[in-house]
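A quick write-up on the structure given underneath.
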Amino acid sequence: MQDNFSYWEQSTFFSGYDVVIIGSGIVGLSAALHLKSNQPKLKIGILESGFLPSGASTKNAGFACFGSVSELLDELTTTSESEVMQVVEMRWKGLCKLRETLGDQALDYQQLGGYEIFKRGDSLLSDACIEQIPYLNQLLKDVIRKPDIYAVSNEKIAGFGLANVDSMILNRYEAQIDTGKMMSALLQKVKSLGISVYNNCKLIQLIKNHPEFILKTSQGDYRSKKVIMATNAFIGDFYPELRVVPGRGQVLVTEPIPGLKISGTFHYDQGYYYFRNIHDRILLGGGRNLDFKAEETTDYGTTERVQSALEELLYETIIPQQRPRIEYRWSGVMAFGEQLKPIIRQLEPGVFCAVRCNGMGVAMGSLSGEQVADLLISEL
Ligand SMILES: Cc1cc2nc3c(=O)[nH]c(=O)nc-3n(C[C@H](O)[C@H](O)[C@H](O)COP(=O)(O)OP(=O)(O)OC[C@H]3O[C@@H](n4cnc5c(N)ncnc54)[C@H](O)[C@@H]3O)c2cc1C
């Protein structure tokens with residue numbers, strides 16, 4: 001196919017790039033936006049292997065969150081206070097950046113609050129979490145700059161129609177967005193700045209050919225002076241030494257439910273399950289912890305085991321009086337690793353990466369993109 005590209009095609013579409021970004025998820029697009037806004041003369045291209053962005057950024061749950069009580073306490077058992085706070089700050093600043101870049105309307109940003117639920121039998125965990133609320137409120141005050149972030153909110157359990165739930169902790173500043181609208185608005189913004197996005201274009205090999213790189217792809221050879229790898233869970237195809245571990249997340253969405261009482265974003269089982277309202281439906285995901293090994297994959301697909309667990313939670317706890325049909329099921333792939341912090345660095349001369357948002361890329365993705373762009377700019 002490459003053989004039949006004209007001189008015009010080769011010189012205009014495939015060559016002369018200052019920067020080529022691999023991956024058009026939230027991180028790749030945010031990096032492109034920041035680069036172009038700061039260095040308008042750069043010729044930037046984005047290569048995306050999917051027909052749509054197809055890792056996590058269009059597959060996620062749209063929680064604009066920065067940490068539930070049990071998740072943060074769990075992290076604090078293995079990671080220092082200051083490191084956990086750095087990550088919370090990245091999530092919070094990333095969300096502020098996303099809202100500033102696109103605006104709340106384009107995101108359909110709704111601050112309905114987030115709730116961590118504890119079922120009957122979880123009292124050991126819920127007691128420990130409730131006891132630590134004053135400590136976490138104090139710790140996060142300097143980062144989020146809001147008082148009383150977390151509070152016990154048991155009085156709302158009945159109003160949401162939840163069954164078998166004994167206690168609930170509210171995060172007042174958690175919100176939800178429409179993921180599809182976010183990615184569509186980001187793509188439009190990137191394209192409006194003159195950045196080219198090539199879909200169905202998978203990077204196969206990266207060859208150093210001083211003073212530039214040849215990027216062998218499924219469509220042909222691109223040439224660029226610098227490269228940003230924003231491929232998240234797929235980074236192991238090129239840099240296995242980063243030891244990024246993929247984690248598949250499965251999701252379902254119900255048909256519209258008349259009189260739906262759920263409103264907000266909800267976390268259960270230390271964040272391994274999550275659900276929210278969307279257009280009178282329930283979106284519910286999680287269950288990766290049922291079989292970590294099986295879900296440690298970049299292959300898409302749903303499994304009977306995880307989907308049954310999701311349905312059980314749906315019908316027994318979330319909407320016990322109703323049995324709506326499940327209209328959508330899908331999976332996306334996140335990137336995890338030994339540390340909570342994302343990997344944002346130069347990998348080799350001219351090649352940079354921003355990967356591993358540890359399942360919180362809606363929150364921190366805009367900032368990760370900005371940071372890798374700044375790193376590259378400092379090398380121009
Ligand atoms: C089910 C699910 C629910 C989630 N819920 C939330 C949530 O509620 N809140 C939150 O903050 N985060 C959530 N996340 C995490 C969040 O979506 C991710 O952290 C974030 O989208 C990562 O963005 P990214 O740009 O780094 O990666 P991705 O969006 O995965 O983008 C990487 C892109 O690189 C492309 N690519 C890979 N290899 C190549 C190649 N060789 N050539 C060209 N292109 C390539 C992929 O197709 C992909 O589009 C969720 C994730 C999942 C899967």
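Computed from a prediction, not measured in an experiment: that's the story for all the values here. Both ligands and their constituent atoms are indexed starting at 1 by order of listing.
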message: One thing to verify: whether R91 and E71 come together as a salt bridge, which I'm taking to mean a side-chain N less than 4.0 angstrom from a carboxylate O.
response: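 Yes, this pair counts.
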Less than 4.0 Å from some atom of ligand 1, heavy atoms are found in residues I22, G23, G25, I26, V27, L47, E48, S49, P53, S54, G55, A56, S57, K59, N60, A61, G62, F63, C201, K202, L203, A230, T231, N232, F234, F238, G249, V251, Y274, G332, V333, M334, C357, G359, M360, G361, V362, A363
*asked:* Within the supplied structure, the quantity of interest is the number of heavy atoms (other residues, nucleotides, ligands) at a distance under 6.0 Å from E304 CD; does it exceed 12?
replied: no
Quick check on K208: does its NZ atom have over 12 non-hydrogen neighbours (other residues, nucleotides or ligands) under 6.0 Å away? yes
*asked:* Once salt bridge (charged side-chain N to carboxylate O under 4.0 Å, His left out) is applied, what residue pairs with a partner in residues 40-54 remain, sequence neighbours excluded?
replied: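 Of all non-adjacent pairs touching residues 40-54, none passes salt bridge (charged side-chain N to carboxylate O under 4.0 Å, His left out).
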**OP:** With the side chain counted from C-beta on, respond yes when Y222 and Y198 share a heavy-atom pair under 4.5 Å apart, and no when they do not.
**Re:**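 SC-SC contact between Y222 and Y198 confirmed.
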Exam field: side chain T265 to backbone Q176, donor-acceptor pair closer than 3.5 Å:
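It does not hold such a pair.
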